[in-house]
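Below is one structure, written out as structure tokens; the observations come after it.
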Amino acid sequence: MVVLSKAVDSDFQTCKSSSDIFTGIPVVDFSDAINAKKLIVEACKEFGFFKVINHGISMEVVAMLESEAVNFFALPQQEKEKPGPPRPFGYGNTRIGPNGDTGWLEYLLLSTDPQPHFPAISQTVLGEYVSAVRNMLTGVLDMISEELRIGPTDFLGGLIGDEKSDSCFRLNHYPPCPDLEALSGRNLIGFGEHTDPQIMSVLRSSDAPGLEICLKNGSWASVPSDQTSFYFSVGDCLQVMSNGRFKSVKHRVVSNCLKSRLSMVYFGGPPLSQKIRSLIMEESEESLYHEFTWSQYKKSAYNSKLGDNRLKLFEKNQVMFS
């Protein structure tokens with residue numbers, strides 16, 4: 001990582017972050033199957049974000065992958081760079097995407113398919129974790145399909161479970177901020193505000209603060225760290241599929257402590273050829289968005305800056321992106 005003094009002077013953005021931990025995040029208990037579906041849908045409408053407890057995923061598997069990630073990010077810089085830059089998969093440091101965005105982090109972006117050519121992370125451990133999280137996400141999406149009566153019960157979950165699913169996995173490491181006083185009361189932005197373009201994302205983070213979500217009133221709320229639970233966030237594609245009922249949650253990460261932060265994110269994407277369109281409409285309701293394929297939207301997102309409103313190009317009152 002670049003030294004902090006340089007980051008403050010030129011390379012990185014800072015912000016005033018939320019000082020209060022937000023206690024209103026919906027909690028979905030998987031052991032209460034009767035109420036889980038309703039709670040998930042309500043959370044997707046109100047926040048685009050919720051926490052799942054009693055999920056059944058082995059904490060041993062989670063801890064093993066986290067240990068692999070910690071060991072990787074502790075390697076000498078030359079070793080970490082061996083996987084190559086993220087094109088699209090690989091190791092990245094401070095630069096986020098191809099359009100000039102920066103952040104106080106380093107990361108590994110990985111395919112969810114087996115990667116024997118990438119020895120830095122145990123493929124066995126990665127495979128176990130990804131499989132467990134994928135199954136959990138497909139279960140959540142199946143509950144949404146059932147609650148909102150979107151085609152077959154397994155329609156949304158099937159997009160993630162499909163063998164051609166274009167999902168990916170990301171390990172983010174936010175190093176400690178060594179001199180907070182140099183920021184004059186502000187905080188370094190580890191990962192700038194954005195929405196996830198896929199259907200839904202599943203996050204697990206270490207015991208360190210930093211994640212913030214944007215509420216409906218535009219204020220930022222600090223998400224409490226929780227090492228035993230998983231956080232789910234609505235992505236752009238699901239906002240379109242719900243015809244705007246669900247909101248793709250804007251979120252960011254700030255480096256506001258002297259403690260290193262590690263997060264593991266599974267991005268649930270559909271097959272590249274999958275058509276994304278509004279699936280939930282009342283009799284007199286019109287679609288808010290043009291139909292597009294995930295491949296089209298992925299290309300559009302890749303060519304945008306992190307904080308852009310990517311869906312605006314696909315709104316019905318805009319000229320269709322091509």
Side-chain angles (χ1 to χ4, degrees), residues 18 20-57 132-151 153-157 159-160 167 193-205 209-253 263-270 276 278-281 288 311:
S18 173
D20 297 325
I21 297 295
F22 183 58
T23 59
I25 293 172
V27 178
V28 177
D29 187 344
F30 268 16
S31 68
D32 182 5
I34 295 177
N35 292 314
K37 290 183 293 184
K38 182 179 179 181
L39 287 173
I40 288 172
V41 169
E42 290 177 349
C44 289
K45 290 179 178 179
E46 180 65 22
F47 296 101
F49 193 82
F50 58 92
K51 180 169 75 172
V52 166
I53 62 174
N54 293 321
H55 42 71
I57 292 182
V133 172
R134 180 195 294 120
N135 290 339
M136 179 172 59
L137 176 56
T138 56
V140 165
L141 292 173
D142 285 348
M143 283 189 271
I144 292 174
S145 291
E146 184 175 354
E147 183 70 10
L148 297 180
R149 299 177 183 177
I150 302 175
T153 301
D154 62 352
F155 172 72
L156 289 177
L159 298 178
I160 306 301
S167 299
E193 62 181 73
H194 64 287
T195 61
D196 294 337
Q198 291 88 354
I199 294 175
M200 188 170 267
S201 305
V202 185
L203 166 73
R204 195 269 178 183
S205 62
L211 176 63
E212 298 182 349
I213 60 172
C214 188
L215 304 179
K216 283 185 175 181
N217 63 7
S219 65
W220 287 95
S222 181
V223 177
S225 57
D226 186 337
Q227 289 186 288
T228 62
S229 304
F230 289 88
Y231 287 100
F232 286 67
S233 59
V234 171
D236 295 344
C237 285
L238 190 53
Q239 177 170 320
V240 172
M241 291 174 168
S242 69
N243 206 33
R245 289 170 172 78
F246 293 175
K247 298 300 180 185
S248 183
V249 62
K250 186 182 293 185
H251 53 288
R252 68 185 183 187
V253 175
S263 66
M264 306 190 295
V265 192
Y266 178 88
F267 299 95
I276 307 299
S278 300
L279 301 174
I280 311 170
M281 290 185 290
L288 300 177
L311 278 178

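Residues take their numbers from the sequence shown, with the count starting at 1.
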message: Return the OG to CD distance between S248 and Q198, rounded to the nearest 0.5 Å.
response: 9.5 Å
field: Euclidean distance, E146 CD relative to D154 CG, rounded to 0.5 Å
entry: 11.0 Å
statement: Only residue of L238, V240, I144 satisfying side chain to side chain contact (heavy atoms under 4.5 Å, CB included) with I199 is L238
- prompt: Do you know which two heavy atoms are closest between P270 and I276, and how far apart they sit?
  reply: CG-CD1, 4.1 Å
message: Is the shortest side-chain heavy-atom distance between K250 and W220 below 4.5 Å?
response: yes
message: If you compare all heavy atoms of F155 against all heavy atoms of L279, which two are closest, and at what distance to 0.1 Å?
response: CE2-CD1, 3.4 Å
statement: Looking only at heavy atoms, the pair that brings S222 and E212 closest together is CA-CG, 4.0 Å
message: For the CD1 atom of I160 and the CE atom of M136, what is their distance to the nearest 0.5 Å?
response: 12.5 Å
- prompt: Given R245 and N243, is the side chain to side chain contact (heavy atoms under 4.5 Å, CB included) satisfied, shown in steps?
  reply: CA-CA 6 Å; R245 289 170 172 78; N243 206 33; 3.7 Å; yes
task: With the side chain counted from C-beta on, respond yes when E42 and L39 share a heavy-atom pair under 4.5 Å apart, and no when they do not.
output: yes
message: Looking at every non-hydrogen atom in both residues, tell me the closest pair between F50 and C44 and how far apart they are.
response: CE2-SG, 3.9 Å
- prompt: If every non-hydrogen atom of I25 is compared with every non-hydrogen atom of P224, which pair is closest and at what distance?
  reply: CD1-CD, 4.0 Å
query: Would F232 and I40 satisfy side chain to side chain contact (heavy atoms under 4.5 Å, CB included), going step by step from the backbone distance to the final call?
result: CA-CA 10 Å; F232 286 67; I40 288 172; over 6 Å; no
Listed partners of K247 passing salt bridge (Lys or Arg N to Asp or Glu O under 4.0 Å), at least two apart: none
message: Holding to side-chain contact (heavy atoms from CB on, under 4.5 Å), I want the full list of residues that pass it with E46, two or more places apart in sequence or in another chain.
response: K216
- prompt: If you round to the nearest 0.5 Å, how far is CG of L156 from OG1 of T138?
  reply: 11.0 Å
query: So do S242 and L148 actually touch side chain to side chain, heavy atoms under 4.5 Å?
result: no
- prompt: Tell me, do L211 and S205 make a side-chain contact under 4.5 Å, heavy atoms counted?
  reply: no
task: Verify, without hydrogens or angle tests, whether S167 (side chain) and G269 (backbone) share a donor-acceptor contact under 3.5 angstrom.
output: yes
- prompt: Side chains of M143 and E147: closer than 4.5 Å at any heavy-atom pair?
  reply: no
query: What distance do L203 atom CG and H251 atom NE2 have between them, rounded to the nearest 0.5 Å?
result: 8.0 Å
task: Could you walk me through whether M241 and L159 pass side chain to side chain contact (heavy atoms under 4.5 Å, CB included), step by step?
output: CA-CA 12 Å; M241 291 174 168; L159 298 178; 3.7 Å; yes
field: Point-to-point distance, once rounded to the nearest 0.5 Å, from CG of L141 to OG1 of T153
entry: 12.5 Å
- prompt: Is the backbone N or O of V265 less than 3.5 Å from a side-chain atom of R204, with the two atoms forming a donor-acceptor pair by type?
  reply: no
query: So, do Y231 and I213 sit near enough that their side-chain heavy atoms are less than 4.5 Å apart?
result: no
message: Run V41 and K37 through side chain to side chain contact (heavy atoms under 4.5 Å, CB included) and show every step you take.
response: CA-CA 6 Å; V41 169; K37 290 183 293 184; 5.9 Å; no
field: Heavy-atom side-chain proximity of V28 to F230 below 4.5 angstrom
entry: no
message: Can you give me the closest heavy-atom contact between M200 and V140, atom names plus distance?
response: SD-CG1, 4.0 Å
task: Flag the pair L215 / F47 as yes when at least one side-chain heavy-atom distance between them is below 4.5 Å, and no otherwise.
output: yes
- line: Residues passing the ring pair (Phe, Tyr, Trp, His ring centres under 6.0 Å) test with F246, sequence neighbours excluded, are none
